[in-house]
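This one's a predicted model, so the numbers in the text were calculated from it and none came from an experiment.
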Amino acid sequence: MMVITTSRKPSQRTRSFVNDLARILNAKILTRGKTPLKDILNEYSKLIVVEEYKGNPGKIKFYDVNRNKIISILISAKLLREVCEEETANLEGKISMEFMGNTKKYRKLFYDFFSDFGVVNGNSPFRMCFEGSSSDKNIFYIQFYENNKKVGPLIIVKSLKILEIE
């Protein structure tokens, strides 16, 4: 099961973003409270942590304990309600991944992270699309689709770093 949590004391907008992401990825939301991240990583070998900047989702860290790796992306985000009008949920728990243009170089990185959960399925109506950006400020976008309709949050990736877990 995929697990998502936040930094401590998240804003309402960050909680909404995490709820949207969890609904599309069929993930469990872990209310962190005062629990140290190290304790959470002892229980879950893979974890998605959403951190905030000025009350908004500002960074997503994908922790992979088995590979001793963190994919850290600096983001800005649009919530589900800002992208589409109706809520949707991925009850099947499967998602296909598509990498377009210059995002193909990130395929192995993200595919390795998500495939261990058993959620990646090329036949799923839910798609996680990595789309190139024409802006100099952004590297790429992560847009979610159900069939050909935009759903879920829009994640605008401004930078990407690969770190080691200390």
Side-chain angles (χ1 to χ4, degrees), residues 2-7 10-11 13-27 29 46-64 66-85 87-90 93-165:
M2 202 175 316
V3 179
I4 302 175
T5 192
T6 63
S7 50
S11 67
R13 184 169 177 82
T14 300
R15 284 195 305 270
S16 293
F17 175 75
V18 167
N19 286 332
D20 292 349
L21 200 56
R23 197 174 292 120
I24 293 301
L25 295 174
N26 195 28
I29 298 173
K46 288 197 174 193
L47 180 69
I48 300 172
V49 178
V50 177
E51 298 178 359
E52 57 184 32
Y53 176 73
K54 294 186 179 181
N56 292 301
K59 188 181 283 186
I60 302 175
K61 289 184 176 176
F62 300 87
Y63 286 83
D64 187 339
N66 297 335
R67 291 184 177 93
N68 195 39
K69 186 187 297 186
I70 303 168
I71 305 167
S72 177
I73 58 175
L74 189 64
I75 65 160
S76 61
K78 288 188 177 183
L79 302 178
L80 180 140
R81 66 178 175 259
E82 297 165 345
V83 173
C84 65
E85 293 190 13
E87 281 190 18
T88 188
N90 184 355
K94 302 290 182 189
I95 197 157
S96 67
M97 299 176 84
E98 292 181 12
F99 296 83
M100 297 170 211
N102 66 348
T103 68
K104 289 179 182 167
K105 62 185 171 189
Y106 303 112
R107 184 182 192 283
K108 180 169 174 30
L109 191 64
F110 285 97
Y111 193 84
D112 284 351
F113 183 85
F114 284 98
S115 64
D116 286 349
F117 292 108
V119 299
V120 178
N121 179 331
N123 296 324
S124 175
F126 283 90
R127 294 182 296 141
M128 181 179 196
C129 294
F130 293 75
E131 302 171 352
S133 170
S134 56
S135 166
D136 291 341
K137 296 179 185 177
N138 308 320
I139 301 177
F140 59 89
Y141 301 100
I142 301 172
Q143 177 66 67
F144 297 91
Y145 294 89
E146 181 179 16
N147 296 313
N148 290 320
K149 190 177 101 194
K150 290 182 181 180
V151 296
L154 169 64
I155 302 170
I156 302 154
V157 180
K158 298 176 179 195
S159 75
L160 183 145
K161 293 179 184 172
I162 301 167
L163 311 167
E164 287 187 7
I165 298 174

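- Annotation for Phe17 and Pro153: closest pair CE1-CB, 3.7 Å, computed over non-hydrogen atoms.
- Taking every heavy atom of both residues into account, Gly152 and Ile24 meet most closely at CA-CG1, 3.6 Å.
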Verdict with reasoning, Val18 to Ile29, per side chain to side chain contact (heavy atoms under 4.5 Å, CB included): CA-CA 8 Å; Val18 167; Ile29 298 173; 4.1 Å; yes
Stepwise, does the side chain to side chain donor-acceptor pair (under 3.5 Å) test hold for Glu52 with Thr6? CA-CA 8 Å; Glu52 57 184 32; Thr6 63; over 6 Å; no
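- Distance check, rounded to the nearest 0.5 Å: CZ of Phe113 to CE of Met97 gives 10.0 Å.
- A distance of 10.0 Å separates CD1 of Ile75 from CD of Glu51, quoted to the nearest 0.5 Å.
- A cation-pi contact, defined as under 6.0 Å to the ring centre and within 45° of the axis, is absent between Lys59 and Tyr53.
- Leu80 approaches Asp20 most closely through the heavy-atom pair N-OD2, 2.8 Å.
- Judged purely by atom type and a 3.5 angstrom limit, Asn121 uses its side chain to pair as donor or acceptor with the backbone of Asn123.
- Scored by the side-chain contact (heavy atoms from CB on, under 4.5 Å) test, Asn26 finds no partners at all (sequence neighbours excluded).
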Intermediate values then yes/no, side chain to side chain contact (heavy atoms under 4.5 Å, CB included), Gln143 and Lys150: CA-CA 7 Å; Gln143 177 66 67; Lys150 290 182 181 180; 3.9 Å; yes
Leu25/Ile95 under side chain to side chain contact (heavy atoms under 4.5 Å, CB included): CA gap, chis, key distance, verdict: CA-CA 7 Å; Leu25 295 174; Ile95 197 157; 4.0 Å; yes
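- Note that CG of Leu21 and CD1 of Ile155 are 5.0 Å apart. Values are rounded to the nearest 0.5 Å.
- Side-chain contact between Tyr111 and Val120: present, with at least one pair of heavy atoms (C-beta onward) separated by less than 4.5 Å.
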Salt bridge (charged side-chain N to carboxylate O under 4.0 Å, His left out) for Arg107 and Asp112? Distances and angles first, verdict last. CA-CA 8 Å; Arg107 184 182 192 283; Asp112 284 351; over 6 Å; no
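- Checked against side-chain contact (heavy atoms from CB on, under 4.5 Å), Lys78 has the following partners two or more places apart in sequence or in another chain: Glu82, Val83, Leu154.
- Classification of the Phe114-Phe117 ring pair by plane angle, with boundaries at 30° and 60°, yields tilted.
- A pairwise comparison of heavy atoms in Pro57 and Arg13 identifies CD-CG, 4.1 Å as the closest pair.
- Within the 3.5 Å criterion, the main-chain N or O of Asn147 finds a donor-acceptor partner in the side chain of Arg127.
- Rounding to the nearest 0.5 angstrom, the gap separating the CD1 atom in Ile73 from the CD1 atom in Ile60 is 4.5 Å.
- By the 4.5 Å heavy-atom criterion applied to side chains, Ile4 and Val50 are counted as neighbours.
- Salt bridge Asp64/Lys46: present, at least one basic N to carboxylate O contact under 4.0 Å.
- Side-chain atoms of Thr5 and Leu47, non-hydrogen and from C-beta on, do get closer than 4.5 Å to each other.
- For Ser16 against Leu79, the heavy-atom pair with the smallest separation is CB-CD1, 4.0 Å.
- The side-chain hydrogen bond (donor to acceptor under 3.5 Å, both in side chains) check on Asn19 picks up nothing, with sequence neighbours excluded.
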Using the side chain to side chain contact (heavy atoms under 4.5 Å, CB included) rule, take Lys161 and Ile71 through it: C-alpha gap first, then chi angles, then the decisive distance, then the call. CA-CA 6 Å; Lys161 293 179 184 172; Ile71 305 167; over 6 Å; no
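- Between Ile139 and Tyr106 there is a side-chain heavy-atom pair separated by less than 4.5 Å.
- The side-chain contact (heavy atoms from CB on, under 4.5 Å) test with Tyr63 singles out one residue from Ile48, Leu163, Ile70, and that residue is Ile70.
- Applying the 6.0 Å contact sphere to NZ of Lys61 captures more than 12 heavy atoms from other residues, nucleotides or ligands.
- The only option from Phe140, Tyr145, Phe144 that meets the ring pair (Phe, Tyr, Trp, His ring centres under 6.0 Å) definition with Phe130 turns out to be Phe140.
- Across all their heavy atoms, Ser11 and Gly55 have their closest contact at OG-O, 2.6 Å.
- Rounded to the nearest 0.5 angstrom, Thr103 OG1 and Ile142 CD1 are separated by 9.5 Å.
- Expressed to the nearest 0.5 Å, how far CE of Met2 lies from CZ of Phe62 amounts to 9.5 Å.
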